[in-house]
Each structure stands twice: as structure tokens, then as C-alpha cells.
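Written out below as C-alpha cells is the structure these notes cover.
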There are 4 protein chains.
Amino acid sequence: MIFSSDNWAGAHPAIAQSLVTHASGYASAYGTSELDRKVEKRLSDVFERDVAVFFVGTGTAANSLALASASRAGGVAFCHREAHVTADECGAPEFFTHGSRLKPVDGKHGKMDATRLEAEIRRYPLDNVHGGQPMAVTLTQATESGTVYALEEIEAIAAVAKAHKLPLHMDGARFANALVSLEATPAEMTWKRGVDLVSFGGTKNGCWCAEALILFDLSKAHEMHFLRKRSAQLFSKSRFVSAQFDAYLEGDLWLDLARHSNAMARRLADGIAASRTSRLGWPVDANEVFVILKSDVAAKLREQGAVFYDWPVPHDLAGSLEADEGLYRLVTSFATKAEDVDRFVAAC
Amino acid sequence: MIFSSDNWAGAHPAIAQSLVTHASGYASAYGTSELDRKVEKRLSDVFERDVAVFFVGTGTAANSLALASASRAGGVAFCHREAHVTADECGAPEFFTHGSRLKPVDGKHGKMDATRLEAEIRRYPLDNVHGGQPMAVTLTQATESGTVYALEEIEAIAAVAKAHKLPLHMDGARFANALVSLEATPAEMTWKRGVDLVSFGGTKNGCWCAEALILFDLSKAHEMHFLRKRSAQLFSKSRFVSAQFDAYLEGDLWLDLARHSNAMARRLADGIAASRTSRLGWPVDANEVFVILKSDVAAKLREQGAVFYDWPVPHDLAGSLEADEGLYRLVTSFATKAEDVDRFVAAC
Amino acid sequence: MIFSSDNWAGAHPAIAQSLVTHASGYASAYGTSELDRKVEKRLSDVFERDVAVFFVGTGTAANSLALASASRAGGVAFCHREAHVTADECGAPEFFTHGSRLKPVDGKHGKMDATRLEAEIRRYPLDNVHGGQPMAVTLTQATESGTVYALEEIEAIAAVAKAHKLPLHMDGARFANALVSLEATPAEMTWKRGVDLVSFGGTKNGCWCAEALILFDLSKAHEMHFLRKRSAQLFSKSRFVSAQFDAYLEGDLWLDLARHSNAMARRLADGIAASRTSRLGWPVDANEVFVILKSDVAAKLREQGAVFYDWPVPHDLAGSLEADEGLYRLVTSFATKAEDVDRFVAAC
Amino acid sequence: MIFSSDNWAGAHPAIAQSLVTHASGYASAYGTSELDRKVEKRLSDVFERDVAVFFVGTGTAANSLALASASRAGGVAFCHREAHVTADECGAPEFFTHGSRLKPVDGKHGKMDATRLEAEIRRYPLDNVHGGQPMAVTLTQATESGTVYALEEIEAIAAVAKAHKLPLHMDGARFANALVSLEATPAEMTWKRGVDLVSFGGTKNGCWCAEALILFDLSKAHEMHFLRKRSAQLFSKSRFVSAQFDAYLEGDLWLDLARHSNAMARRLADGIAASRTSRLGWPVDANEVFVILKSDVAAKLREQGAVFYDWPVPHDLAGSLEADEGLYRLVTSFATKAEDVDRFVAAC
């Protein structure tokens, strides 16, 4: 009953096997091999337009490079208060952007509120050099709260960003989970709604280590080549990433894996909602379930082998927990088995 | 006849297979799994003392983080004029160290001369704030010229570094090739000779993507955890690296692969030395062969399918080439076949 | 009736004159002249211990260098939510510290609350690499709200900082105003209460451009020399700063100027408190008066020549203003005349 | 007989007096006062076109900000091997540009050779991400060797820079000395010859602390406002700089001071050339004289009160000194007296 994180799972057999398949033979290095090109082309198909693709080692790298490409002196990037970029990346975005700032924006269930975003941006008028200047907006899809922005919500945020001439980045560490949740196409969820750059994550959804930064504005690609290399993120044996993505995208494996993962979360959520000892913190859209449990129930579940994390209570939930209750996060993955979910629910 | 680079080869079957073996099951993320611990312990055995191990994605990352740990304001790091850190890392060391400088030091065949190193360091007296201050020395083993520092040469450089209280870093992208060339132990080639940090590379010697920064001074480990994460180099599914190293170190596979690679280079060098149309630029110590060829010979070899790079003529060789001659680099790897070597030599 | 800011005033005649006096003759450059040494010695007397003194061009430089000396990877510095470092320095502290973060701490009237500081620091446990690590605490004395930390309040904050092994920096852009407000000695207000570094500001109190970073820990001085020079803050004709400080400190001119400035603010505050159309936002400790006025009263005052800034309503005052009221900031300086204050009060 | 540096002199009486004149009264802060505007306008007149003016505290700041405005990832800026930016600014340009590199270019007597510049730039082809990318060219006028680029030499360098689409920066710490040496106008020496940014220095020529970065491309001004503030170089009492420049430019005082300074150097050079114990290292164009003396002569001169620095022997002079000879630098300034020059010459 491992619900600690989707990155506790290993790799899907087809993806690991692809690394064996491509292990022999020579291929030109640093992202110039045929397999690299094939995957890049495939991603252009996925997004229904020409995209520039940059493989990197971590989601943090993809996010930080996206922001680096928008970097300005005294720059301020706007993100949700609980976004991964600000909460869990140890200042990498600030380092990659030479000291810019991440300004938290509030909003329910992990989603930036477009109106509040507008208000926060207005705090940095361009003629006030003291405060700094807006430089980018970044949203997480699916969010750190396991919720998913509706297409209209993305559009509303993009409208604010565009009005201030700010690029809009999407942190898609759980891109596939959001996509199947919305039953949208990659194009619909991104550039058709005003997104300019995407961190396209494969690691949390069954890859070993496969992350790509996708640029829709090809004129930004030249500088990104240097930004990536300067950040020590250009792999020599680049095909170890493209081999993973090759299997990942083949036959829409990636969408199948995300569907499974989301279904397991749904099953978990339904079970919890029906139980007497636990309840959901907020609605479940993707593969993360936030549950309110009495502390002793949580302790007992852990005794029985369930693994999951305590989670800080967000502002908009404060006051709605009893003194003996806690908030906990359960994450499902491509590897989650229905029987483990059912055991957990039964144990609740 | 692919002699372009050892990173054009893929992965050794045992290493790729290890990624399949470890693909199933759950393991805690971010370098905390049992397999991660096992490999770290194994590396302590390899180095015959407790070491702190930091997996990263690229050799550039390992080198840049090593220098970052020695960073000072206005800092100057000393390296050979043709070292990888200064020639081929797109300013990553400078970026990771917030704008320090790499000062080139001369020396024959890619090896820093200890006397010249001393002279260069003395150009930065500590009471002259204008020039900046020395912060580190970094050497490459094996060097970019395919040569290997003798143990006494490392010791001489370490003595200079210590006299100026500077940490000594070894860029070991081809650590194994140097090691088997010297028939030394890892301990003898590093800390017993005064090396403080090692970039321990596996990628060029048969791994997909396996690099580790090794610290002998454990008191530096705390800050390095944050430096690595801040640089977006902490992998969530860390076992994808440890699984590679596990197979790499098992049964001394790494040394066998390096021995094979070096033997292929020796076979190539011997063949070239015996040929009438070509000669060696300088002695061959590891898995790189630098050869002087007439341009038309090089062209013909390429027509026959040989792949190798032109190489800039270093200072100490200038004037010794004829007008119609060029310098070329041939690199062998774990995957190089004797028949390809022999075909190349025959074609010379 | 200029109450916009104390930096709208020019320089005190004695200070400007000192620049004329020292204009002739030769003196060694870059902070090594006799006059530089004399002023440094004088500052050691002022602080009753040996201090290391670094002249810089702006308060922002002093603050940013102070934090730079405490810089860590993924570092987090703690300051009041409305502190100058975070509100008005355009990211200079983040730039100088290579991308660290300023974490806002709440507290009434511009003063960090020690208990909340403790809670914020605890959000960054040292074994959680993802969040980053605490690196420094910085307080402003007098605060951006014109209030002054009592000595016990400084001590309480220092106790929290020390418990977490964090250096404590004091932004003393209005150091003198705070000092005469407390009737304390410089030693009592700083190192005797646990402060480690001070930005000692002269510009706002009658100098042209005279700021100094004071280090009590002399072992940090070596690196600071390089940090300052690398930040382009080492003046060649350093005596243009020391000549100002020489006159500033002579005969305690600096304290007299601050006393005058504070007295003018007190006169303004008393007049406002006694008026029927206006009231104070919060108590006045130094040379800044925050006043709540009806918008039309503010407009009329401005018509009559009064110059002062609108001020954002802080959290702890929200809800206590009427719809037609605004918050305004009035700053007095060494140059403020009692008659201007009286005219303003009469006009209220 | 102080010939150590032009920054050992104080300030010209008219410039120091201007700070007294402008000490009283209020003026808006941060570069927005009437006097600031007046001086900016005056500088547009000086350069015969609209320019954007940014006052900063040091020449190092002006140079570093100029390069920062051209910053690219993995960027390489080209300068003469002995340029101030690379020899004497403690890595400030590298810090301000987030880790770019200064690539030394050779050339006689401190002047970059345009052909060699072209060759160096070509070492960084834009499709080779490993080496980094060219980002700017910076020349020093007058040079660190006291020589002055002829207008055609500037034009030749500008042509190379333009061909590679690189901005050309002029470090004009001794701008006035070069200008009167060439008998050219500021426009002719800068933008008419292809210069894009100028560090316009006043400090070495009779100001206390007056440096300005001049941009000819007004579209770069917005970002520069934030770059400057983020670098802690925006002065609150900005008029302390504009008051200096006001007097400096008034009645062409700046040109008179530079003419005097150059004339003193000429007198020194002529005297030395005529002496039997000393000779010039190379031609004298501005206010610096490099002289070759026997060590015992140098020692005797110092005994008699002459102050001047030893200077490292440049590459192109190596071998032309006797064993008992040394190279020394003598700098004249606005404050140098003919009698001191004559005493020195007589003592030679």
C-alpha cells in the first residue's frame, strides 16, 4: 500500500526494455541522433505544431530553464502559493534566473485565481524600479493539490499574462494525468489556451528519467540550447532519454498509464468518501487524493503497511479540521494495484 | 569504424539490463533508497574510506558542483588550457560558481605543469582585491589529450594546491581508463595523492547516464546536498542511476570495460605508428589516440566509413605539422571491436 | 512642506564642506588612505570594539553584501513582510546572494515578531533539501513603518537567530534615528544584543552618499573585501566617503541631526493627534509619521504645497480606515524646519 | 612627485564646490530631480544625439552593467588581454553577467587587434553549444597602457563586432584624455564609429565619484533601469553625482583638465626620452607614461619622494629589457604640477 509518491514507482517494463533495445550500436551524441530526432518529431505531432524540444534530467530543471528564458533584472514570476517551483525546488528557479523572485498567488485547491493574479501583477508597475518587474507566470497542471485547471481557467490566466506581456509556463510534471482528466488534447490544454512553454514530464508517469521542456516559440530555441548546456543539463547519451520517450509515446502508452493512475485515485477517493472514518480534503481530479483522517486512524493504517505523507493544511481548509484530525496525501501511479487500493479503503 | 567519441556508444548490456531488473517495486525517492545506499557504500569500499556520494546527470554537473563547493567572491580556479571544464562546458562552472573565472595553465600533452600552476596562482596575491582570489585547482584524469597524470604528477600539483590552501578536484570523466592505465587503486590515484573531490564518471565507460561527485571531506556534504538540489540535479527516481552503478561496479565490470577500451586504443596506436601514412601526435595512455594524417588520407578514411573528429593543434605541437597534414582524434570505447580497429589501420 | 522622504534633502553644510576641505592633495586609493583609516578607527570607538568597516554606495549595497556574506545554496533569509530589502531593492539581495530567497515574517507596525520568526524558520528543517535552508535574519532599525525595536525586542530576535545558528543583520538606513529614540549606545543596540552585521547609513541623515557595512566578526572581513569589489562597490577615491563620515561623526553631529529629525516628527505627530481631521496610523518612534487622512484633506494639503506619499495599508490596519480615508507617510529630516511642520499642522 | 594613479588626486575645486552649492533645498530622489535631467540633457548635447544616461558609483559598475545588458547564456565577451575589465575588476563583469567569460585578445600597446579579434570570435561558432557564444566586444579608451585607439582602429573593431552582431562597449574611464588626444568630438569617437555603449568616467579626471553609463540604443534603457537598481547602483541623492557632472561639463572644464593631464604626461615623456638613464616603454598618447628604468634608478627616485607603481612587462615587450631594468607606470592627473614633473625628470 505505497501511496507516498508516484516517483516511488520504478519504470514501466516497456520503457525499461526500450533502454535495452537501444543499448547497442553507435549514435551521435548530445541530442543529435536519429532517435532523438524521431522523438522530437513525434512530440510535434503530439502538440499538433512544430515545437522545440529540450530533454533535461529533472522537472526542476525544465521549470527553471523555462523561467530562465523569461529572465529579467529584478524579475518577478507569479505562481500559486503552494506550487512545486516555490515549495520544493530549493531555489533552483531563483538560481537559474540569477536571483529573480517567485511571488505567491492565492487560489482554492492549488489553482491560481486569475483575478488575484491580476492584482499581484499590478503591484509591480513598470515605472517603479524599486519593486522589480513582472517577468513570467507559471501554473502547475495537474496542481500540487491534485486538482486540474479547466481549459477556461487556463485561458483566464493566459489572458492576464498576455495583457501584461508575460510568457505563460505550464509545469506539467503530471501533464498526462491532467490531460486524461480533462479528456483534452495536448494542443487544447496548452498553446490553444495561451501557454508558451511546457515542462513535459514522463518520470512520474512510468519513465525512469524523462523530462522535456517544450517551446512553442521557436525563436527562443537558440538561447535555450545555451541555457540548457550552461546548466549542465545536456546529456551526452541523449538517446537514453529519447528511448524512454519513444516507448512512452508509442501506442499512447503514456495516456493509458495516466488513465490507470487516475482511475486508481478515483477508486481510492470513492472508497474514502464512502467510509465513516475519513473524508476527502477537496475534490480529486487526477492521481492525488488528499484525505482528512483522525490521527489514530492514520497511525493504524501505517501500522498495516500503508505509506503516505502528512500534508500541511492549506489556508482555505484551515479551521475545518478537528483537533485530532490531520491532512494526508495519497498518490497513485501507473504501478498502483486495485487490490492495494481496496485493502487501504477496507482498512480505513 | 566509429571513433568519434566514447559517448557515441550506448550502454553495456549488463548495465541496461540492471535498469530492467530494478524497474519493478517501490523505492523511496531522491537518493534515499536501499539501492542508493548500497552503491554509496560500495563506492566507499572502492575508495577505501568513507566518502560522500552525489549522483548527478552529467560530468559537467559534477565538475561544476565541485567548483561551486569551493566558490569565493572573485574566485579563480586553475585548470589546463585545454581542459573540458574550460573548453566544452559552455560556462557551466562559471554559472554554478556565480561568476568565478577559470584560469588556463599550460603544460605538455594536456597536463598542467606544477611549476606553471604555482606561477599562475602567485599572480593572485591575497592582498590584491582587484585581481580576484584563487579558489580551486582542477585536473582532468585522463586528460582531454588522452594522456594520464602519473601519481607523482598528481602529487606535485596537490602540493602546490595545498600550499595555497586550495582544494584539488579531479575531473574523472575517464577515471577508469586512467586507473587501469596506471594500474593504481582509486585511493592511490586520488586522496592518497591529495585529491579532495572527484567527478566519478560512468557514462563514457558503458553506462547510460551515471555520474557521481565524490567528496572525501564529509563536512562538505551538507552544503552539497543543497547545491545539487538547487542546480536541479537531484533525481527523484535516483535508483535509475544506482542501478547502473550497481552493475558497473559488480565484479569489477568497470575496470574490464576500461581495459578493453584502452587495449583497443593501444592496438590502434601501434597500427598507426607502424603505418607509413600516419603518425601519433603524442603518446597514448588511455582510450584516445591523436593522429597526424595527410588531409587526403583522412578524407579517404572517412569515405570508407571511419568517423572521427578534427582536432585543434595544441601550442606544443604547432610547427611540427606539414601544410597538408591535420590532427585528428580517435576515441575507443567498451564497444569498440578489434576488427574495426584493424580495418582502420589497414586503411591507413 | 516637503515630507516625501529624508533622501529629498541634500547634505548638511558641514558634510558638504568636508568634501571641499579634503579635495586637495593626494591620498592612496581604494580605501587605504589615512582619512579612511581614521574614520574606521572612529567607528570602532563608536561601537566600543574593533569592527571591520566597508564603505559602499547605497544602503541596498550594504544590505545585499551583508546577506551575501551569509549566502548558502537554496538559502532563505528572514525579514519583516514590509522590510526595505524585500519591498524596495529590486531583487538586489537575491542577486547578490545568487538566488536566495527573502521569506516575509509578520509582526505589528513593521517589526518582526520573534515567535513568528521562530515558526517561519522551522518551516525549513535542515534535513529537507527541497525547501531550502535558513541562512540569515535581517531586521530594519528604525523600521519601514517608522517604529523602533526596543532593545529587548532585538534580543528576542537575536535569540531565535542564534538558536538556529543564523547571523543577524541590522539594516540601519535610519540607525541614528533609532539610536536617539532609544537613548541607547550603538553597542547596546547592536552586538550587545546579538547583532552580527550592521548597515550603517549616513545618507538619509545628512550625508550626500555615505553608507558603511560594519562587521563585528573580523574573520568575515577577508571575504567581504572581495565581495564588495566584485559587486563594483569599492570606490577609488574612497576619501569622498570618509570625508563625509569624518564630519558626520565629529562632535556627534550625526546624533544631533537625528535628534532634530525625530523632534520634527514628534511635533508633526503631536499636531496631527490634536487635529480633528486626521489621526496617526500607529505610534511614532523616529522620523516617520504615518497619518490617516480623508482623501479630500490630503488633496487640499497637496494643493497648499505639502509633498508626501500615499502608503499601502498594512495587514494589521486593514478595516480600520473609512472608505474616504487614506494612509499617508510623512518623513522629516535634518533639514526639516519647525515652521513647515507648523504650517502643515495648521493646514490639517 | 605622486605619479601612482590619477585616482590618488582629490577633486577639482569647482567640482567639490558644486556639491556645496547644491547641498541645500529639496530635490526628488533616485535620479528624477531637475539637476539630474539637466545633466542628462547636457550629455545628449555632448554626444550630439539623444542618449540614455545612468549614473553609477564606479567605472567597474558601468563596465559590468554594459556587459550585463548584452548577457547571454554561456556568453563570451572579448577584450584586450590587459584590459581593466579582466585584470582589475575582481570578476565583477562575470558576476553581473551571471557567469559569462572574458576572452583575452592580443594586440600591441594595450590595443585589441581587429584581425585577432575576428579570429577569437570565430572560435565560438554559433552551432557549437559546448564552447559558449559570443556576446559583446569591449575596448578601453584610453587603454590600460596609456595608448589611444585611432578613430580608424575603433572603426575596424566595430566592423568585426557588427559582422558578428555583437554590441561594442567602450570603457571610457579616461574618456576625456583619449578625446583631447585625438582632438575628436565625443560623437566621432563613439557612435559615429560604431560604439554602442560608453562608460563615461569623470572620477579619474577631477570628480569625486562621477561615472555614467551612456546608451545610444534607447530601447535598452528600460531594462538598464532594473539592472542598475538590482546591482545596488541607484543613488537616492542622485544629485550628488549630477552636481559633479554639472561643474565638470560646464565651460568644457572636463576637456581642460584632460588637456592639462595629457600635457603633463607629454612633458614627463619628453624629459624621460631625453634622459640617459631611462627610456619609454612605448609611445605616450594620454596621461600615462610607461618607463623602463634600471632598478637602482627607480629605487633612488622613490627615495627622493617619487611615488609610482611597478608594472608587469607585457608580452610584446618581453626580452627587450635588461636584467637590471624594470617597467614602471607614471600617471598624471588634473592636479599634477609641472614642477613635480620637472623634479622627476631632473632626478632621472
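A note on names: the letters A, B, ... follow the listed sequences, proteins ahead of strands, and every chain is numbered from 1.
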Contact listing (chain B partner; residues 93-101 of chain A; heavy atom under 4.5 Å): A/F95, A/F96, A/H98

Per-residue contact mode, B/L65 against chain A (heavy atom under 4.5 angstrom): neither

For chain A, the option from B/A9, B/C207, B/S236, B/A16 that forms the most heavy-atom pairs under 4.5 Å: B/A9

Residues of residues 52-64 of chain A contacting chain B, heavy-atom criterion under 4.5 Å, by residue number: A/G57, A/T58, A/T60, A/A61

Selection from A/S231, A/S238, A/S33 maximising heavy-atom pairs under 4.5 Å formed with chain B: A/S231

Which atoms of A/T336 approach chain B - backbone, side chain, both or neither, heavy atom under 4.5 Å: both

Gap separating the OG atom of A/S18 from the CG atom of B/L19, nearest 0.5 angstrom: 11.5 Å

Residue pair A/W208 / B/R239, side-chain heavy-atom distance below 4.5 Å: yes

Part of B/T203 lying under 4.5 Å from any heavy atom of chain A: both

Results of ring pair (Phe, Tyr, Trp, His ring centres under 6.0 Å) for B/W311 - residues two or more places apart only: B/F290

Sidechain-backbone polar pair: A/K237 side chain, B/G10 backbone, donor-acceptor under 3.5 Å: yes

Max heavy-atom pair count under 4.5 Å with chain B, selected residue of A/Q233, A/Q17, A/H22: A/Q233

A/P13 side chain reached by B/V20 side chain, heavy atoms, under 4.5 Å: no

Contacting moiety of B/S5, where chain A heavy atoms sit under 4.5 Å: neither

Heavy-atom pair count under 4.5 Å with chain B, highest-scoring of A/G25, A/A243, A/S333: A/G25

Chain B contacts, top residue of A/S24, A/S4, A/A92, A/G91 (heavy-atom pairs, under 4.5 Å): A/A92

Residues that B/Y26 engages under ring pair (Phe, Tyr, Trp, His ring centres under 6.0 Å), provided they are two or more places apart: none

Among the listed options B/S28, B/A29, B/C209, the residue most often paired with chain A at heavy-atom distances under 4.5 Å: B/S28

